[in-house]
2 protein chains.
Amino acid sequence: MPVTIHDVARRAQVSPSTVSRALSASHLVRGTTRDRVLAAAKELGYQPNPAARSLITGRTGNIGIVVPDLNNPFYTGVLRGVQARARQSGYAVFFADGEEDPVAEEALVRAMSRQVDGVVMCAPFASDTQLRALAGLTSLALLNRRLRDVPAALMDSASGMRQVVDHLYALGHRHVAYLNGPGSSWSNRERRRGLRAAATRARMTVVDFGPFEPKFEGGVAAADLALAGGVTAIMCYNDLMALGVLSRLADRGVAVPHEMSVVGFDNLLYAAVCAPPLTTVAMPMEAGGRAAVDLLLAGVEGTEDGAGPYRELTTNLIVRATTAAASTSNPDNHPPAV
Amino acid sequence: MPVTIHDVARRAQVSPSTVSRALSASHLVRGTTRDRVLAAAKELGYQPNPAARSLITGRTGNIGIVVPDLNNPFYTGVLRGVQARARQSGYAVFFADGEEDPVAEEALVRAMSRQVDGVVMCAPFASDTQLRALAGLTSLALLNRRLRDVPAALMDSASGMRQVVDHLYALGHRHVAYLNGPGSSWSNRERRRGLRAAATRARMTVVDFGPFEPKFEGGVAAADLALAGGVTAIMCYNDLMALGVLSRLADRGVAVPHEMSVVGFDNLLYAAVCAPPLTTVAMPMEAGGRAAVDLLLAGVEGTEDGAGPYRELTTNLIVRATTAAASTSNPDNHPPAV
DNA sequence: GACTCTTGCACAAACGTTTGCAGGGGACGG
DNA sequence: CCGTCCCCTGCAAACGTTTGTGCAAGAGTC
């Protein structure tokens, strides 16, 4: 029922191979024949069969993406970037939600591997070993995860963290809390690393809590611990947790930002519109998705652009209404003698 | 490089066709041979080539989904349901963001059509005519859009709207505003229809505003209009708009819920966690996605279950903190004489 | 006018599967 | 002991493309 290359060939009075060439390597056929073929193809509404094509070429024209949690708007942001960039190059996108589960992630990539030219894994939970195994199966590009010899787009959240520390320091904060995200997460390690470096430089003490689930509920749970820690500011692994913290602080009657400053990470839409608007670090989600696809396609199509297999994306502090001068209710504002 | 069915055949000392049968129609081969084949396949890590398979069978094992706006958590909820259900039946999922653009939607479905067994279109912006054309190209299942002879999962938002009206009426509201979403949207029409019916029955007057963009910004813009309408409650097309309304009301010093009640639609995560928590109607997002895939696969695999081509999903009012007794600052609480 | 070179096209093989058809062999009944 | 039937397996065709190879005709050169 569907129209094949043979139908077009018959209508244009040429052989199927000529049709194929007219449609792809058009310089190999005479102008007049090419026009005839294109006209015939258009009239019949010919669409090449991707299965047949990929069978012979070994390429599919598809890429895959797996994210840890679709409910987190951060990942839908990168999803948008990925899809936009892929579409621009004529690739279709397979998508899957790994649900923060390493074995699900691996299974999903394996399942996709035969029908994609490559997959971008977004902040994967899988182990390095697993990732290497998958990289042997298909081309891989990582987002916010570093692994030798595997191309990756990385958001420089350590730098964002430095900006946060400088901001808080300028506001007089000397003793702050950091609520960790998943312990295995590259992003969390990066943020913590940036925090440590900047904090010791500024002689600021920071107490760690967690790891917590990087979700609203995780923030709610974490808030009480942080509150007991005698700090003047709480830095959260991400915005979702920060929103949870805000909610819990409100419940407990702690005024933000006057009694407690809170800062998040990601700059989700909701960070801008919640009350009070959240001070946070903007992560380039769509740009990250696009960059990952750039790297993937560069590898797949062999169009290395000499920029190497890594892309570093910058992050920026966005000051809103959840940070203010350090609370004076804790007058000396130093770590309590525990 | 990749291992083919011939490799397995050689290792198991059988012909390729036997391997094929052992893997799919296993009752056609003797038990001992089947075991030998399966063992060989496992040892070699054989994975069938989907392109070759789909070339001969005409089926791909893939489905597609296109949504209007990935930034709206409603659709990511649906996406989760779709992917979970698809995976359960061994289907992989192509995904695309139509960006609320009818022509983009159509182009995306056309692009996918050759490599999927069907696609679910989620609250599409495309016209009926366009949808019919696409239904001729591939199997279609709709979510929150009704079109004769095309299977669809529909959320009964008219019923949810009735519950909202009853709730507001009980609180003493007699004059309310409805902020419309996109005029072409089936969901908006349904909600409006439910609203009209319930309101006239209850002798409640409702003034319409919009259409607005179904986003935060749309709500911000709409709030001022509604405020000037002399109403005691604002019903929004969806939660995103409701959040925009809340934000704008706060800016203008209007106390919610005491001076103005606000209700949304969808029950996004943020409706539950914003301040004050939003009264809204819960939409079964994941269930809707699953139901749509059910319908699609029933059509594709010919496993009609006799339940007909439509699924109706129920919706429920969730009362939180943005609705209260009608404001008395507008003492007579009836439509101002315009 | 004969040679070579180029251009434009057709032929056929190949990609990895599935599946209709046929054949071989064993079991069973007569 | 022979015929029939059934179970299992192999052979080969087919799916719709792409692409290497070969051939024919025309253009250019001497």
Side-chain angles (χ1 to χ4, degrees), chain A residues 1-41 44-62 90 92 113-117 137-138 301, chain B residues 1-38 40-41 44-62 90 92 111 113-117 137-138 301:
Chain A
M1 195 59 192
V3 29
T4 78
I5 207 175
H6 292 89
D7 303 324
V8 180
R10 207 172 317 119
R11 177 157 192 132
Q13 313 260 43
V14 294
S15 80
S17 42
T18 302
V19 175
S20 173
R21 279 186 258 260
L23 294 175
S24 47
S26 59
H27 63 279
L28 286 179
V29 314
R30 182 165 35 178
T32 64
T33 359
R34 175 171 7 115
D35 295 343
R36 201 149 33 95
V37 169
L38 294 182
L44 277 68
Y46 169 69
Q47 294 277 97
N49 180 326
R53 169 178 289 172
S54 97
L55 186 55
I56 183 85
T57 62
R59 301 248 317 269
T60 64
N62 303 326
S113 66
R114 296 297 312 248
Q115 35 188 352
V116 298
D117 296 334
L137 235 51
T138 181
E301 301 180 340
Chain B
M1 194 60 191
V3 29
T4 78
I5 206 173
H6 292 90
D7 302 325
V8 180
R10 206 170 320 117
R11 176 155 192 135
Q13 314 260 43
V14 295
S15 79
S17 39
T18 301
V19 175
S20 173
R21 279 186 262 259
L23 295 175
S24 46
S26 59
H27 63 279
L28 288 178
V29 314
R30 182 166 31 178
T32 64
T33 3
R34 171 166 18 107
D35 295 345
R36 198 148 35 95
V37 169
L38 294 182
L44 275 64
Y46 169 70
Q47 294 277 97
N49 180 326
R53 168 177 291 175
S54 97
L55 186 56
I56 183 83
T57 63
R59 301 250 315 269
T60 63
N62 303 326
S113 65
R114 296 298 310 249
Q115 37 187 349
V116 298
D117 295 335
L137 234 52
T138 181
E301 302 181 340

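Within every chain, numbering begins at 1; the chains are lettered A, B, ... in the order of the sequence lines, protein sequences first and strands thereafter. Reckoned from all heavy atoms, side chains included, excluding hydrogens, waters and symmetry mates. This is a predicted model, so every value here is computed, not measured.
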Checking A/L23, A/V14, A/V19 against A/V8 for side chain to side chain contact (heavy atoms under 4.5 Å, CB included), the one that qualifies is A/V19

The residue, B/V29 or A/T57, whose nearest nucleotide of DNA chain D is more 5′ is B/V29

Report which part of the nucleic acid A/T33 touches: base, sugar-phosphate, or nothing (heavy-atom distance under 4.0 Å, all strands).
sugar-phosphate

Practice item. May I ask you to say what A/P50 touches in the nucleic acid, namely base, sugar-phosphate or nothing, with a heavy-atom cut-off under 4.0 Å? Key: nothing

Residues in residues 3-21 of chain B with a heavy atom under 4.0 Å of DNA chain C, by number, are B/T4, B/I5, B/H6, B/S17, B/S20, B/R21

Here the distance between atom C1' of D/dC7 and atom NE2 of B/H27, to the nearest Å, is 12 Å

Nearest heavy-atom contact between A/A40 and A/A12 is CB-CB, 3.9 Å

* Does a side-chain heavy-atom distance below 4.5 Å link B/V37 with B/V29? -> no

* Asked: Can you find a side chain N or O atom of B/R30 that sits less than 4.0 Å from OP1 or OP2 on D/dT9?
  -> yes

Rounding to 0.5 Å, atoms CD1 (A/I5) and OG1 (A/T18) come to a distance of 9.5 Å

Applying side chain to side chain contact (heavy atoms under 4.5 Å, CB included) to A/T57 and not counting sequence neighbours gives A/R53, A/R59

Item checked: B/Q115/A/N62 under side-chain contact (heavy atoms from CB on, under 4.5 Å): CA gap, chis, key distance, verdict -> CA-CA 10 Å; B/Q115 37 187 349; A/N62 303 326; 3.2 Å; yes

Quick one: do A/N49 and A/T4 satisfy side-chain contact (heavy atoms from CB on, under 4.5 Å)? Show the steps, please. CA-CA 8 Å; A/N49 180 326; A/T4 78; over 6 Å; no

Comparing A/R34 with B/Q47, nearest DNA chain C nucleotide closer to 5' gives the residue A/R34

Minimal heavy-atom distance between A/G45 and A/V3, with the atoms involved, is O-CG1, 3.9 Å

Footprint ends on DNA chain C, 5' to 3', for atoms under 4.0 angstrom from a heavy atom of chain A, come out as C/dG8 to C/dG16

